[in-house]
Undergrad: 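I'd like to ask some things about the structure below.
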There are 2 protein chains.
Amino acid sequence: MLTIGDLSRATGVKIPTIRYYEQMGLMAAAERSGGNQRRYESHDRERLSFIKHARDLGFTIEAIRELLELSAHPDRPCVDADEIAVRQLQSVRNKIAKLRLLEKELDRMTSRNHDDQVKHCYVLRSLANHDMCVSEH
Amino acid sequence: MLTIGDLSRATGVKIPTIRYYEQMGLMAAAERSGGNQRRYESHDRERLSFIKHARDLGFTIEAIRELLELSAHPDRPCVDADEIAVRQLQSVRNKIAKLRLLEKELDRMTSRNHDDQVKHCYVLRSLANHDMCVSEH
DNA sequence: CATAATAGCTATAGATACTGGAGGAACACA
DNA sequence: TGTGTTCCTCCAGTATCTATAGCTATTATG
Ligand SMILES: [Zn+2]
Ligand SMILES: [Zn+2]
Ligand SMILES: [Zn+2]
Ligand SMILES: [Zn+2]
C-alpha cells in the first residue's frame, strides 16, 4: 500500500498532479484509508509511470487516455496505438520545423553589432518590419 | 480612423485578441465613437503589427511589453532589447534540443513493424518502460 | 425613413496541463 | 499523549488566447 507521497516519489509526478489526473479520469479514483487518505497499489504506480513517460514525450492527456484504453485490450490489433504515436512524431517534427524558422530569424536579428541606440537597433527595426525577414513564420 | 475590424484585417490579429491586448496594457485603451466603439489610427496599426510579429517569433507578452517600452526611448542604448532577443533565441534553441530528443525516441518507437497485437506493441511497451529509451527526456 | 445586415460591445467561461496556498484532519513514532 | 509530517478539499492562478451569450451601433438598401 502506497500513500500519495510514496507514489509521487516513486514516479516523479507531483502530488497535486496525481490528484489532477484522478479528476481528469486518467487515474481511477483511489481507495481510501479510514481517514479518507488515498492508498495505492503497484499497478497504480505502473499506470502513473506510463502516463508520466507519455507526458514527457509530449502526448496530450487525450492521447494518453486513448493509449491507456487500448492497453486494456491486449488481444486487439495495435494499429490505433501506432497511429497515435506517428501523429505525435509528426507534431514534434512540425514544431521543430517552425522553431528552426524562428531560430533563423532571431539569429539574423541578433548577429549584428549592437553598440547602438534604440532608434537604430536592428532587433527593434526587424520586429517592426517583417519584410526584413527571410522566411514566413 | 479604423474600426477594430479594420485593424484586425490589417494586421491578422483576431478581434478578441486585440481587446485582450488592450486589457493586458499592451495596446493603449482606444478612443471611442459616440456609440462606444473603438476607433484606431495608423500608429495603433503599427504597434499591433509589432506585437504580432514578436508573438509570431515566440516572445512572451512580458518581453513584448519591455520591447515596446524601450522603443519609446529612441536615444537610449539598445542593449536591453538585444538581450531580450538573445534570450528568446536561446529559449528557441533549448526547445529545439528537447524536441530533437523526443523525435529520436518517437522515431524509434514507431519504426518497427506493427502488424501486431496490443500486448506485443512496441509503442506501448516503450511507453511502459523508459529503460528502452536511448536518451533522457 | 424604415428595415435588415453587418459589426461591435461587455462579461464570462473554456481550453491546456498543471501549480500553489489556506485551513484543517490524519498518521507515524516516541 | 504529544509532535511533526503528510494528507484532505476547495479555490485561485499561470499564459495566451478563443468562444459564446445577449445586447447595441453602424451602414447599406429600398
Ligand atoms: Zn540593438
Ligand atoms: Zn518576420
Ligand atoms: Zn504497435
Ligand atoms: Zn523514455
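Note: hydrogens, waters and symmetry copies are ignored here, and every other heavy atom, side chains too, is used. Since we're looking at a predicted model, the values are computed, not measured.
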Undergrad: In whole Å, I'd like the distance from the CD atom of E62(A) to the C1' atom of dG14(C).
TA: 15 Å

Undergrad: Using whole Å, report how far CE of M1(A) lies from C1' of dA28(C).
TA: 17 Å

Undergrad: Want to settle it: does R55(B) or G35(B) sit nearer the 5' end of DNA chain D, counting the closest nucleotide to each?
TA: R55(B)

Undergrad: Need to verify one output field. Residue with the more 5' nearest nucleotide on DNA chain C, Y20(A) or Q37(A)?
TA: Y20(A)

Undergrad: In whole angstrom, give the distance that lies between atom CZ of R19(B) and atom C1' of dT10(C).
TA: 8 Å

Undergrad: Tell me: CD of Q23(A) to P of dG14(C), nearest whole Å?
TA: 14 Å

Undergrad: Taking 5' to 3' order, which nucleotide of DNA chain D is first and which is last to have an atom within less than 4.0 Å of a heavy atom in chain A?
TA: dC7(D) to dT9(D)

Undergrad: Counting just side-chain N and O atoms, does S33(A) come under 4.0 Å of either OP1 or OP2 of dA26(C)?
TA: no

Undergrad: For N36(A) and dA26(C), what is the distance between atoms CG and C1' respectively, to the nearest whole Å?
TA: 10 Å

Undergrad: When rounded to the nearest 0.5 angstrom, what distance separates NE2 in H53(B) from CG in L48(B)?
TA: 13.0 Å

Undergrad: Whole Å only: how far is the CD1 atom of I18(A) from the P atom of dT19(C)?
TA: 11 Å

Undergrad: Starting at atom CG of D6(A), determine the distance to atom C1' of dA28(C), rounded to an integer number of angstrom.
TA: 12 Å

Undergrad: Taking only the side-chain nitrogens and oxygens of Y21(A), find out if one of them lies under 4.0 Å from OP1 or OP2 of dA17(C).
TA: no

Undergrad: Can you measure from NZ (K119(B)) to CG (D75(A)) and round to the nearest 0.5 angstrom?
TA: 4.0 Å

Undergrad: Side chains of I51(B) and R65(B): closer than 4.5 Å at any heavy-atom pair?
TA: no

Undergrad: Nearest-nucleotide wise, let me know which of G34(B) and I15(A) is further upstream toward the 5' end of DNA chain D.
TA: I15(A)

Undergrad: With side-chain contact (heavy atoms from CB on, under 4.5 Å) as the criterion, how do L106(A) and F59(B) come out once you've worked through the C-alpha distance, each side chain's angles and the decisive distance to 0.1 Å?
TA: CA-CA 11 Å; L106(A) 289 165; F59(B) 288 88; 3.7 Å; yes

Undergrad: Using a strict 4.0 Å threshold on nitrogen-to-oxygen distance, state whether R93(B) and D107(A) make a salt bridge.
TA: yes

Undergrad: Any base atoms under 4.0 Å from R38(A), or only sugar-phosphate, or nothing? Heavy atoms, all strands.
TA: sugar-phosphate

Undergrad: If only side-chain N and O atoms of R65(A) are considered, is one of them under 4.0 Å from the OP1 or OP2 phosphate oxygen of dA17(C)?
TA: no

Undergrad: Applying side chain to side chain donor-acceptor pair (under 3.5 Å) to E105(A) and S135(A), what does each step give before you reach the verdict?
TA: CA-CA 8 Å; E105(A) 297 303 342; S135(A) 61; 2.7 Å; yes

Undergrad: I need the T3(B) OG1 to Q37(B) CD distance, nearest 0.5 Å.
TA: 8.0 Å

Undergrad: So what does R9(B) touch, heavy atoms closer than 4.0 Å: a base, only the sugar-phosphate, or nothing?
TA: nothing

Undergrad: Give the rounded distance in Å between these two atoms: CD1 of I51(A) and P of dC18(C).
TA: 10 Å

